[in-house]
Every structure is written in C-alpha cells, then in structure tokens.
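The next block holds one structure in the form of structure tokens; read it before the comments.
Values below: every heavy atom of this structure, side chains too, minus hydrogens, waters and symmetry copies. The first residue of the sequence shown is numbered 1, and numbering continues consecutively from there. Note that the structure is predicted; figures quoted are calculated from it, not measured.
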Amino acid sequence: EPAPPYFDGPHLWENSGKMILLDKLLAKLKANGDRVLIFSQMTRLLDILEDYMRFRGYQYCRIDGQTSTEHRDQYMADYN
C-alpha cells in the first residue's frame, strides 16, 4: 500500500506526550551508555519509532514479523 509522503523532523516526538517523555528518557539513557528494548505489537508505531531513531542518530534494530528467523537470531545474539 502506498504511503503518504512522510517527513522526518521534531514533529515525530513533539506531537505526543509519550514520545516527548521517550525522547527525554532515551537521551538520558544514551548519555549513561545504557541499552534499551522497546516492544510494540503495532507496526505503525514501529515505523514511527524507526523514523525517530534514524532522525536522532540512535543505533537500533527492528525485529518484526517480516524479519527472517536467521536475522532475528543474529540480531538477538548481537544485542546480548
């Protein structure tokens, strides 16, 4: 399904109280050198989080239903 033209920018987190909180929390955790796992069953939310992570320059790994078992196992091993 074709998607509308989306644009990266601060609107990714400024339009949601939960995303504002997540933005602040992730900045603090990154400064401490912590790692974070975020779980969601909603693929649209994962799309938004992926755009956000890329825009902010955070290293991330997305594992969803489209991820092959081989890649999933490798990504989990890399994280651990």
Side-chain angles (χ1 to χ4, degrees):
E1 141 184 291
Y6 296 111
F7 301 98
D8 289 342
H11 65 278
L12 289 171
W13 64 89
E14 290 178 345
N15 292 318
S16 165
K18 290 178 182 177
M19 285 297 293
I20 291 170
L21 181 60
L22 181 65
D23 183 54
K24 292 176 183 178
L25 182 61
L26 288 177
K28 289 179 184 179
L29 292 170
K30 182 175 173 136
N32 290 339
D34 294 319
R35 300 182 306 166
V36 177
L37 287 174
I38 300 174
F39 293 94
S40 175
Q41 293 180 328
M42 297 179 289
T43 56
R44 293 281 186 199
L45 177 58
L46 293 175
D47 294 342
I48 293 168
L49 288 171
E50 188 171 17
D51 291 344
Y52 166 79
M53 295 293 180
R54 188 179 56 254
F55 183 79
R56 280 298 205 194
Y58 292 141
Q59 183 179 357
Y60 70 93
C61 174
R62 177 175 174 161
I63 299 174
D64 61 22
Q66 301 298 316
T67 308
S68 70
T69 303
E70 179 181 304
H71 284 121
R72 182 183 309 261
D73 292 342
Q74 183 60 50
Y75 294 154
M76 290 171 61
D78 291 347
Y79 184 82
N80 292 322

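One hydrophobic cluster, built from ILVMFWY side chains closer than 4.5 Å, holds both L25 and Y52. Hydrophobic clustering places L22 together with F55 (ILVMFWY residues linked when any side-chain heavy atoms are closer than 4.5 Å, directly or through intermediates). Linking Ile, Leu, Val, Met, Phe, Trp and Tyr residues whenever their side-chain heavy atoms come within less than 4.5 Å places M42 and W13 in a single cluster. Following chains of ILVMFWY side-chain contacts shorter than 4.5 Å, one cannot reach M53 starting from L46, and the two form parts of different hydrophobic clusters. Both L45 and Y58 belong to a common hydrophobic cluster when Ile, Leu, Val, Met, Phe, Trp and Tyr are linked at side-chain heavy-atom distances under 4.5 angstrom.
Looking at L26 and R56, their side chains never come closer than 4.5 Å, going by heavy atoms from C-beta outward. Counting heavy atoms from C-beta outward, L29 and R35 have side chains that stay 4.5 Å or more apart. A 4.5 Å side-chain heavy-atom check between R62 and T43 finds at least one atom pair inside the cut-off. Using a 4.5 Å cut-off on side-chain heavy atoms (C-beta onward), I38 and Y60 make no contact. Here the side chains of M76 and R72 are in contact, with some heavy-atom distance below 4.5 Å.
For the pair Y79 and V36, the tightest heavy-atom approach, listed with the atom from each and the gap, is OH-N, 3.7 Å.
With rounding to the nearest 0.5 angstrom, the CG atom of D34 is 12.5 Å from the NZ atom of K28. Annotation: the span from S16 atom OG to H11 atom NE2 amounts to 12.5 Å, rounded to 0.5 Å. Between atom CG of residue L49 and atom CZ of residue R44 there is a gap of 13.5 Å, rounded to the nearest 0.5 Å.
With hydrogens and angles ignored, the 3.5 Å screen pairs a side-chain donor or acceptor of D64 with a backbone N or O of Q66.
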